[in-house]
Amino acid sequence: MRRNRMFVMKLGVPALALAAACDPVLPSQPTEAIVLCGSTCISGTDPSNTVSKTTGGVATYAWGTDELFPPAADPYGTDHRLTWTASTPDQILIAFDTDFSIPLPDPSCPGCSEPYNWSFVSLPGTGGQVEKKYNFASFQNGGVGFTTGHLMRVDRGACRSFVNWGFLFEQVKQKLDTAVGCAMQCAIGIGSAPHQINRTMVDIQPHFTGVHDDVEHGILLTATYQAESQYGVSDEVTINPVYTFGVDPATGRLGIEVAQLGVVTFNDVMKAKVEAALSTRFVEALRAFADPQAFPAEKMLKPIFSDKQASLASQQAFCFGKATVLKNGEIEAFNLLHSRLTQNGHPEPEATDVANLALSALEPRNFSCEATFGEPNSQCVIRSTYKRLYALPTLGVEAVHADRGEAALVALYQIFGGGSPPWATCEVPIKPAYPDGAVPRDSGSAPEMNVAEDECFPCP
């Protein structure tokens, strides 16, 4: 019986051995100094060839090319030195050789963007001053870039989950082919003369947006599709969509905004249908597999049935109330948390203390209701929420669940995510060897794709 455990809400108790890798510390956010020293600054011939910024707090900041002059105006490939005093070891400072705060121009398509393999260097936070001397010496794809055109500070927090780029890019190609291929097939007309839909090229990479005091990240794509009949190529479509990832305030999970669509074709009907598919059907598919879930939705140990037709806010309030209210001497959310702890081998009184601590972190956004196959009603479930979301070079899409000093959130996400590493971890994330390199990209193969009629019904 757990009835007597609910009443001890020890909000000041740390997550004990469970959270040994992220013990709460007093929140301390000293001012950070970021200094970019250009080539003539390094040589001493022009000490003014430098730019500096100061900031503090847990937020993440980005600075674009316009703020990084004069060093950003140095000849491409010359030496720069980046110096930084970080607040905590959970942070990374990343320097790019181009400004990702605006779409990259594609000369063949005004208003579109084209992905490139941009270089980056990173400085891991240590709590003290760190510096790195570097240059972006090689041209990428024959393009001309900046020596340093963009600085971005990332605070990865204490607990996080992620989806790696390899998995994400492969899913993007599959879902993109279906969305665009079906839109083209529907524009031609299902049941008309058969058409083969072919993708002739695709290029995908992370996209980094944000100006001055906030950063949002996402993906940028370039692809070309052709519709071919027995008479030859009838239509060609080029797309350059950019999608921005952020935290949806209503759910605390992945939110996606369309930064641009960039659909180019001579067929106006096809253009409209492809744009609709990229802004609706593909966005929903992208949200489903790009969301770095730390754990699947968890049902209550005792089913709590809810109204699936109610608004999301009503579902959240209903489920939160039912799961966290004291009823017959028990709190259902506590029972679930405590059960997960004891299943993982945590003894008493630790399991009770940690479950109580995690219970205090729950909010309505953690809840929703979902239909279950074979059940006439929907059931309340608990879901994870995010504080911040990043598209990190070399790693993938990463969500931050808790910062240091947030013992209750740390306990909550270790309970649900600790059993499935590396997807959800609570540990010091930054190591001195955090790599430099190039922003990953996927220039995927272009196999023939014959979009079946049943895949495209009903037409978008």
ask   = Does a sphere of radius 6.0 Å around NZ in K322 hold more than 12 heavy atoms from other residues, nucleotides or ligands, not counting ones at 6.0 Å or beyond?
value = no
L392 and F162, any side-chain heavy atoms less than 4.5 Å apart = no
query = With distance as the sole test, does Q315 use its side chain to make a donor-acceptor pair with the main-chain N or O of A310 at under 3.5 Å?
reply = yes
message = Any heavy-atom pair between the side chains of L151 and L68 that's under 4.5 Å?
response = yes
task = Please examine the side chains of L286 and F289, heavy atoms only from C-beta on, and report whether any two atoms are closer than 4.5 Å.
result = yes
key: Evaluation steps, side chain to side chain donor-acceptor pair (under 3.5 Å), between S161 and H401   = CA-CA 8 Å; S161 58; H401 300 284; 2.8 Å; yes
request  = Return yes if some donor-acceptor pair links the side-chain N/O of H80 with the main-chain N/O of P71 below 3.5 Å, else return no.
outcome  = yes
query = Taking side chain as C-beta onward, heavy atoms only, is T200 less than 4.5 Å from Y225?
reply = no
Between T222 and N240, a side-chain donor and acceptor under 3.5 Å = yes
ask   = Between S339 (side chain) and N335 (backbone), is there a donor-acceptor pair under 3.5 Å?
value = no
message = What I want to find out is whether E398 reaches R388 closely enough, with some N-O distance under 4.0 Å, to be called a salt bridge.
response = no
inquiry  = If you apply the rule side-chain contact (heavy atoms from CB on, under 4.5 Å), what do you find for V121 with F136, and how did you get there?
reply    = CA-CA 9 Å; V121 295; F136 299 119; 4.0 Å; yes
task = Carefully, step by step, assess F282 and Y243 under the rule ring-ring contact (aromatic ring centres under 6.0 Å, His included).
result = CA-CA 11 Å; F282 179 67; Y243 297 95; 5.4 Å; yes
query = Is it true that a side-chain atom of R160 and a backbone atom of A158 form a donor plus acceptor pair closer than 3.5 Å?
reply = yes
ask   = Which class fits the ring pair H150 and F96: parallel under 30°, tilted 30 to 60°, perpendicular over 60°?
value = tilted
query = Between H217 and Y390, what is the ring plane arrangement, given parallel below 30°, perpendicular above 60°, and tilted in between?
reply = tilted
key: 4.5 Å side-chain heavy-atom contact, Y134 and D436   = no
task = Please report the C-alpha distance between K53 and R153 in whole Å, then the side-chain angles of each, then the deciding distance to 0.1 Å, and finally whether the side-chain contact (heavy atoms from CB on, under 4.5 Å) criterion is met.
result = CA-CA 11 Å; K53 299 289 179 182; R153 193 196 77 169; over 6 Å; no
request  = Without swapping roles, check the side chain of T280 against the backbone of A276 for a donor-acceptor pair under 3.5 Å.
outcome  = yes
task = Could you tell me whether the side chain of T45 and the main chain of C41 form a donor-acceptor pair under 3.5 Å?
result = no
request  = Any chance you could lay out the side chain to side chain donor-acceptor pair (under 3.5 Å) test for S43 and T40, step after step, and finish with the verdict?
outcome  = CA-CA 5 Å; S43 67; T40 54; 5.5 Å; no
Residues R253 and D248 bridged, charged N to O under 4.0 Å = no
request  = Compare all side-chain heavy atoms of I239 with those of L176 and state whether any distance is below 4.5 angstrom.
outcome  = yes
key: Check: N366 main-chain N/O paired with Q316 side-chain donor or acceptor under 3.5 Å   = no
ask   = Quick one: does L362's side chain get under 4.5 Å of L412's, heavy atoms only?
value = yes
inquiry  = What I'd like to find out is whether the side chain of V35 reaches to under 4.5 Å of the side chain of W84, using heavy atoms alone.
reply    = no
ask   = Under 3.5 Å, side chain of S122 to main-chain N/O of P435, donor-acceptor pair present?
value = yes
Side chain T265, main chain E236, donor-acceptor under 3.5 Å = yes
task = For K299 and C380, indicate whether the former's side chain and the latter's backbone hold a donor-acceptor pair under 3.5 Å.
result = no
ask   = Can a salt bridge be assigned to the pair K173 and E170 using a cut-off of 4.0 Å between side-chain N and carboxylate O?
value = yes
